[in-house]
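Nothing here was measured: the structure is a model prediction, and the numbers come from that model.
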Amino acid sequence: VEEIVWTCGGPAQAPFPASGVALSCAGKTMAECGGGGPAHGVMNKVEVRSGLQIAYEDHWFGEPWLTPEPVVMIHGNAESSKAWNRWVPHLAGQYRVIRPDMPGFGASPEPQGYGWTVGELAADIGNFLNALGIEKCHLIGAKYGGSACMKFATQQPRRLPQAGRS
């Protein structure tokens, strides 16, 4: 069993039982710690363009002096960032795992007049990355989110480390 340690200070949530990863805070168990940090599902919000806020979770369980490559995980229709919960303990020790709630889902408000087209979602993935200052990332999408990711990859391949390589 791998152990992941971070600094925290808020309400505790259950660790990921099926992952084989034990989560702890500075050597304490979740119950002893009291929670907080990225493993506890703290939602951040960022305005990606006028009238559009996106809520997201940002996880990094690695050494604090390292700068990890970001992995952005885009959920499908009628889901939220929670769809990726079980992946976080497997990836966040090596990558910065960012899981947005797409517009109108999870903790992201539904913007007035939003069309939810593949092109609009792809553009807002780019706007989201811009708002977070992310130039390049590994991009993972599921279901309709996967379609938006493919559209994004065709429009902005320079932002994906492996796009266009054979």
Side-chain angles (χ1 to χ4, degrees), residues 4 6 8-19 21 23 30 35-61 68-163:
I4 297 172
W6 69 94
C8 61
Q13 292 182 359
F16 302 90
S19 70
V21 176
L23 302 176
M30 293 286 287
H40 301 293
V42 174
M43 294 297 288
N44 302 293
K45 287 193 178 180
V46 65
E47 185 171 44
V48 299
R49 61 180 167 91
S50 180
L52 179 60
Q53 261 195 351
I54 291 185
Y56 66 99
E57 293 185 62
D58 195 336
H59 309 274
W60 167 238
F61 300 149
E69 293 180 43
V71 171
V72 178
M73 305 178 90
I74 307 295
H75 62 80
N77 200 20
E79 294 181 334
S80 74
S81 59
K82 304 295 183 209
W84 300 105
N85 276 354
R86 292 191 180 268
W87 286 97
V88 172
H90 298 289
L91 295 172
Q94 183 174 353
Y95 299 97
R96 175 184 176 196
V97 179
I98 303 164
R99 301 179 301 140
D101 282 340
M102 297 312 289
F105 296 98
S108 291
E110 179 179 341
Q112 188 173 5
Y114 201 81
W116 287 281
T117 64
V118 169
E120 188 172 23
L121 287 169
D124 285 332
I125 290 170
N127 292 333
F128 176 71
L129 296 176
N130 292 342
L132 294 184
I134 296 172
E135 183 60 33
K136 282 190 173 196
C137 71
H138 301 281
L139 188 61
I140 301 170
K143 304 171 186 119
Y144 197 61
S147 297
C149 289
M150 288 189 296
K151 182 74 168 179
F152 176 81
T154 63
Q155 293 174 336
Q156 299 189 47
R158 64 176 176 74
R159 299 190 79 173
L160 305 174
Q162 299 300 320

Which atom pairs, one a donor and one an acceptor, fall under 3.5 Å between side chains of residues 110-118 and the rest of the protein, sequence neighbours left out?
from, atom 1, to, atom 2, distance (Å)
Tyr114, OH, Asp124, OD2, 2.6
Trp116, NE1, Pro103, O, 2.8
Thr117, OG1, Glu120, N, 3.0

Considering all heavy atoms of both residues, which atom of [X] and which atom of [Y] are nearest to each other, and what is their separation?
{"X": "Met73", "Y": "Trp87", "value": "CE-CB, 3.8 Å"}
{"X": "His138", "Y": "Pro161", "value": "CE1-CG, 3.7 Å"}
{"X": "Ile74", "Y": "Gly145", "value": "CG2-CA, 3.7 Å"}
{"X": "Tyr56", "Y": "Val46", "value": "CE2-CG1, 3.9 Å"}
{"X": "Ser81", "Y": "Asp101", "value": "N-OD1, 2.6 Å"}
{"X": "Pro100", "Y": "His75", "value": "O-CD2, 3.3 Å"}

Looking at side-chain heavy atoms only, is the closest gap between [X] and [Y] below 4.5 Å?
{"X": "Glu57", "Y": "Met43", "answer": "yes"}
{"X": "Arg99", "Y": "Val88", "answer": "yes"}
{"X": "Met102", "Y": "Asn77", "answer": "no"}
{"X": "Leu52", "Y": "Asn127", "answer": "no"}

Q | Ser80 (side chain) donor-acceptor with Phe105 (main chain) under 3.5 angstrom | A |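 Pair absent, no side-chain N/O of Ser80 close to backbone of Phe105.
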Q: Return the set of residues passing side chain to side chain contact (heavy atoms under 4.5 Å, CB included) with Cys137 (not counting sequence neighbours), or none when no residue passes.
A: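 Cys137 satisfies side chain to side chain contact (heavy atoms under 4.5 Å, CB included) with Pro70, Val72, Leu129, Ile134, Leu139, Leu160 once adjacent residues are dropped.
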Q.
So, taking the atom named CG in Asn44 and the one named CG in Leu132, what distance separates them when rounded to the nearest 0.5 Å?
A.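 Output value for this atom pair is 8.5 Å.
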(Q) With rounding to the nearest 0.5 angstrom, report the CG to CZ distance, Leu91 to Phe61. (A)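 Interatomic distance, Leu91 CG to Phe61 CZ, rounded to 0.5 Å: 10.5 Å.
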**Q.** Residues Arg158, Glu135: salt bridge by 4.0 Å N-O rule
**A.**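 Yes.
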Q: Kindly indicate, with the supporting measurements, whether the criterion side chain to side chain contact (heavy atoms under 4.5 Å, CB included) is fulfilled by Val97 and Trp84.
A: CA-CA 10 Å; Val97 179; Trp84 300 105; over 6 Å; no
Q: Only counting residues at least two apart or in another chain, list the ones meeting ring pair (Phe, Tyr, Trp, His ring centres under 6.0 Å) with Tyr144.
A: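 Checked Tyr144 against ring pair (Phe, Tyr, Trp, His ring centres under 6.0 Å); zero matches.
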**Q.** Donor-acceptor side-chain pairing of Arg159 and Asn130 below 3.5 angstrom
**A.**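 The criterion, which ignores hydrogens and geometry beyond distance, is satisfied for Asn130 and Arg159.
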